[in-house]
Amino acid sequence: MQTSNIPIQVFCVVSTIGDLTPVRFRYESEDHRILTVPITEILCQKETKSAGTREIVFTCTANMEGSIHLFNLKYNVNHHRWIFAKFLVQ
């Protein structure tokens, strides 16, 4: 997997008050396969504002290729887009 800022598809749960909870995400691998990654745990969620753009950053863990990975997902509130931001530990 590339290490930062790739667009992804996210399957999430939205509460009755509009809170997002990502459950899993899909991305296209370098060999053009669509891979689905189930999120094991959401460790932290925070809202940031960068260059006038609101984002919600989720720090998550997932079991990818047999090992646990820690990473950030970002949801761009203004454009309704998700990106895989970066691996925190590989």
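- Interatomic distance, Arg24 CZ to Gln9 CD, rounded to the nearest 0.5 Å: 11.0 Å.
- Transitive grouping of hydrophobic side chains (ILVMFWY, heavy atoms separated by less than 4.5 Å) keeps Val23 and Val57 in distinct clusters.
- Asn76 places none of its side-chain heavy atoms less than 4.5 Å from the side chain of Ile83.
- Taking all atoms of both residues into account, the shortest heavy-atom contact from Pro22 to Cys12 is CA-CB, 3.7 Å.
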His80 and Tyr75: side chain to side chain contact (heavy atoms under 4.5 Å, CB included), yes or no, with the steps?
-> CA-CA 7 Å; His80 308 291; Tyr75 176 70; 2.9 Å; yes
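- For the pair Pro38 and Ala62, the tightest heavy-atom approach, listed with the atom from each and the gap, is O-CB, 3.4 Å.
- Connection of Ile34 to Phe11 is not established within any shared hydrophobic cluster, with ILVMFWY side chains joined at heavy-atom distances below 4.5 Å, either directly or through further cluster members.
- Once rounded to the nearest 0.5 Å, the distance linking CG of Leu73 with CZ of Phe84 reads 7.0 Å.
- Between Asn63 and Thr40, the closest heavy-atom pair is N-OG1, 3.5 Å.
- Clustering ILVMFWY residues whenever any of their side-chain heavy atoms sit less than 4.5 angstrom apart, transitively, puts Phe71 in the very cluster that holds Ile42.
- Considering CG of Leu35 and CD1 of Ile8, their distance stands at 12.5 Å, rounded to 0.5 Å.
- Taking CE of Met64 as the reference point, atom CD1 of Ile39 lies at 10.5 Å (rounded to 0.5 Å).
- Between Leu70 and Leu43 there is a side-chain heavy-atom pair separated by less than 4.5 Å.
- Between Phe25 and Trp82, every side-chain heavy-atom pair lies at or beyond the 4.5 Å cut-off.
- Rounded to the nearest 0.5 angstrom, Phe58 CZ and Lys74 NZ are separated by 12.5 Å.
- Membership of an apolar cluster is not assigned to Ile17, as no side-chain contact below 4.5 Å to another ILVMFWY residue is traced.
- The heavy-atom pair separating Asn78 from Gly52 by the smallest distance is ND2-O, 3.4 Å.
- With sequence neighbours excluded, the residues satisfying side chain to side chain donor-acceptor pair (under 3.5 Å) with Asn72 are Thr59.
- The salt bridge (Lys or Arg N to Asp or Glu O under 4.0 Å) pairs that include a residue from residues 42-54 are Glu47-Arg54, where partners are two or more places apart or lie in different chains.
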